[in-house]
Protein chains: 2
Amino acid sequence: MNHSTPPDLTQLLIELYDKISSWEHTVVKDSGLSPAQMHAVEIVGHHQQLRMKEMAELMGITTGTLTVMVDRLETLGLVHRQANPNDRRSYVIVLTAQGQHHFNAHHKLHDMLTEELTASFDAQEKVALQQLLFKLVRHF
Amino acid sequence: MNHSTPPDLTQLLIELYDKISSWEHTVVKDSGLSPAQMHAVEIVGHHQQLRMKEMAELMGITTGTLTVMVDRLETLGLVHRQANPNDRRSYVIVLTAQGQHHFNAHHKLHDMLTEELTASFDAQEKVALQQLLFKLVRHF
DNA sequence: GGTTTTTTATTTGACAATCAAGATAAATTG
DNA sequence: CAATTTATCTTGATTGTCAAATAAAAAACC
């Protein structure tokens, strides 16, 4: 007996966060995009349609920063500024086919990571983790 | 009945990661440090003694980047380059008293976040989450 | 309907974060 | 002791970031 006691929850959350962070960093580098660019692609991919304002809000950056970032992403052919028919001040940002491809590929990597991390979990443990994380995430 | 089914594990991990990320961003801003600087302080605080090489490795950045970062942190009075008696090529980076203070304060915020997120968890759920996260983190 | 205010996005100027490549100095190896 | 490897720093280029100023359209207000 005597399983070494696990670190406290705070420590575990920090550790999980750090490890996901460096994993993300590694896999993103292989994609040719910067972390910030991939994050932008993920945000647009997840929400499908976003105005600059909303997108900046979701990413926690200013619209000024986002303007130049979307400029580059457009040059790279990953996103597109569509005219917003309801409001001529704003655009709707959407993924191009190539952007969508990056998004899908990246999401697949995330799925593989989850697989890997929970490879030794039985079905019951997976459900338990799922429910606990759901409860956790809801309290932010 | 009929609890709406929670998102899959991948989605939950991404969501958790994103939310910790933006929480971190917010609280760090209030501290006057940049996210990268706080991360550096956390790394040094956690490991106590680090050479540049090791520190760069842990942070996933090059030593070139770290040199200028530690320069600034030293100017800000948060860390100190100590001579390494075993190897005159390298330094040992340590926190100053002020750096330690920042580290402690930030860690306290992490504890408060954990408290908050698990406020509605009973003791059994907390232990279950702890054990599952421990198992998860070990598989990176 | 016309004026004022608010909202949306861009531009600009400054600085921090990052890398790759090259330089320097110390340690290690043969 | 010479050659190689290692640890750090420097430099030049690019990206990420903000705050403040600008411009244009929409909304609010009489």
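Chain letters run A, B, ... following the sequence lines, proteins first, then strands; residues in each count from 1. These values consider heavy atoms only, across backbone and side chains, with no hydrogens, waters or symmetry-generated copies.
Take the nearest nucleotide of DNA chain D for M69(A) and for N86(A): the residue whose nucleotide is more 5' is M69(A). Between R51(A) and Q37(B), the one whose closest nucleotide on DNA chain C sits nearer the 5' end is R51(A). Nearer to the 5' terminus of DNA chain D, by closest-nucleotide assignment, is the contact made by K53(B) (compared with the other of K53(B) and V68(B)). With DNA chain C read from its 5' end, the first of the two nearest nucleotides for H25(A) and D71(A) is the one closest to D71(A).
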Would L78(A) and L33(A) satisfy side chain to side chain contact (heavy atoms under 4.5 Å, CB included), going step by step from the backbone distance to the final call? CA-CA 10 Å; L78(A) 300 175; L33(A) 302 186; 3.6 Å; yes
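For the pair I61(A) CD1 and dA17(C) P, the computed distance is 16 Å after rounding to whole Å. Here dA9(C) presents its C1' atom at 15 Å from CG of L50(A), a figure rounded to the nearest Å. Rounded to an integer number of Å, the gap from N84(A) CG to dT8(C) P is 11 Å. The separation between D87(A) atom CG and dA9(C) atom C1' is 10 Å, rounded to whole Å. Taking atom CG of residue L66(B) and atom C1' of nucleotide dA16(C), one finds them 14 Å apart after rounding to whole Å.
Residue S90(A) is classed as a sugar-phosphate contact, given heavy-atom separations below 4.0 Å to backbone atoms only.
Contacts between chain A and DNA chain D, taken as any atom within less than 4.0 angstrom of a protein heavy atom, begin and end at dT15(D) to dA26(D).
Candidate nucleotides dT8(C), dC19(C), dT10(C) were compared by shortest atom distance to the side chain of R89(A), and dT8(C) ranks first. When the nucleotides dT18(C), dA26(C), dT10(C) are ranked by their closest atom to the side chain of R88(B), dA26(C) comes out on top.
The existence of a salt bridge linking R81(B) and D71(B) is confirmed by a sub-4.0 Å separation between a basic side-chain nitrogen and an acidic carboxylate oxygen.
E24(A) and H110(A) are linked by a side-chain donor-acceptor pair at a separation below 3.5 angstrom, with hydrogens and angles left out of the test. Checking H106(B) against S31(B) by side-chain atom types alone, no donor-acceptor pair falls below 3.5 Å.
For the pair S34(B) and dA16(C), the criterion of a side-chain N or O lying under 4.0 Å from OP1 or OP2 is not met. Contact annotation: T65(B) does not reach the phosphate of dT18(C) (side-chain N/O to OP1 or OP2, under 4.0 Å).
At a threshold of 4.5 Å between side-chain heavy atoms, the hydrophobic network of Ile, Leu, Val, Met, Phe, Trp and Tyr places V68(B) and L73(B) in two separate groups. If you chain together hydrophobic residues whose side chains sit under 4.5 Å apart, L117(A) and I14(A) never meet in one group.
Residues H102(B) and Q98(B) form a side-chain contact, since some pair of their non-hydrogen atoms from C-beta on lies under 4.5 Å apart.
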